[in-house]
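The block underneath contains the structure these notes are about, expressed in structure tokens.
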Amino acid sequence: PTELDRFDAIVLDPPRAGAREQMGTLAATKKLARIAYVSCNPSTFARDARTLVDGGWRLERITPVGQFRWSTHVELVAAFAR
């Protein structure tokens, strides 16, 4: 957390498995003010978002992105703030 606190914002774009290992550290930061989270898996995003929210973060915005026209696959972009 101390190393991350030297930044104002973080952009996170994990693989489909999500960022379970990083969430505890991100949730514990004190000075980091914003996280932009890009996800290609809504279920792992929900798990990771719960960790952040439980750590005091606010989910400010979430935008679904239908990037693949002929697919049911949905990407999403979310903004978290302290």
Would you say the side chain of L52 lies within less than 4.5 Å of the side chain of L26, judging by non-hydrogen atoms? yes
State which residues pass salt bridge (Lys or Arg N to Asp or Glu O under 4.0 Å) with E75; sequence neighbours excluded, sorted by chain then number. none
Which pairs count as side chain to side chain donor-acceptor pair (under 3.5 Å) when at least one residue sits in residues 36-46, sequence neighbours excluded? Y37-D48, N41-S43
Side chain to side chain contact (heavy atoms under 4.5 Å, CB included) partners for I62, two or more places apart: F45, L76, A78
Hydrophobic clustering (ILVMFWY, side-chain heavy atoms < 4.5 Å, transitive) - are F7 and V38 grouped together? no
Smallest heavy-atom separation, C40 atom then R16 atom, equals O-NH1, 2.5 Å
So, for R34 and A79, which heavy atoms are closest and what is the spacing to 0.1 Å? NH2-CB, 4.2 Å
So how far is it from T29 OG1 to I10 CD1, rounded to the nearest 0.5 Å? 8.0 Å
Who passes salt bridge (Lys or Arg N to Asp or Glu O under 4.0 Å) against R20, sequence neighbours left out? none
Can you tell me how far apart CZ (R58) and CZ (F80) are? Round to the nearest 0.5 Å. 11.5 Å
Check the surroundings of atom CZ in R82: do more than 12 heavy atoms from other residues, nucleotides or ligands lie under 6.0 Å from it? yes
Nearest-0.5 Å distance that lies between atom CD1 in I35 and atom CG in L12: 7.0 Å
State which residues pass side-chain hydrogen bond (donor to acceptor under 3.5 Å, both in side chains) with Q22; sequence neighbours excluded, sorted by chain then number. none
Can you tell me if CG on D8 sees more than 12 non-hydrogen neighbours from other groups inside 6.0 Å? no
Before you tell me yes or no, could you show the steps for R50 and M23 under side chain to side chain contact (heavy atoms under 4.5 Å, CB included), namely the whole-Å CA-CA distance, both residues' side-chain angles and the distance that decides it to 0.1 Å? CA-CA 9 Å; R50 169 55 45 197; M23 287 299 105; over 6 Å; no
W57 side, atom CH2; T51 side, atom OG1 - distance, nearest 0.5 Å: 13.0 Å
Could I get the full list of side-chain hydrogen bond (donor to acceptor under 3.5 Å, both in side chains) partners for T63, not counting sequence neighbours? none
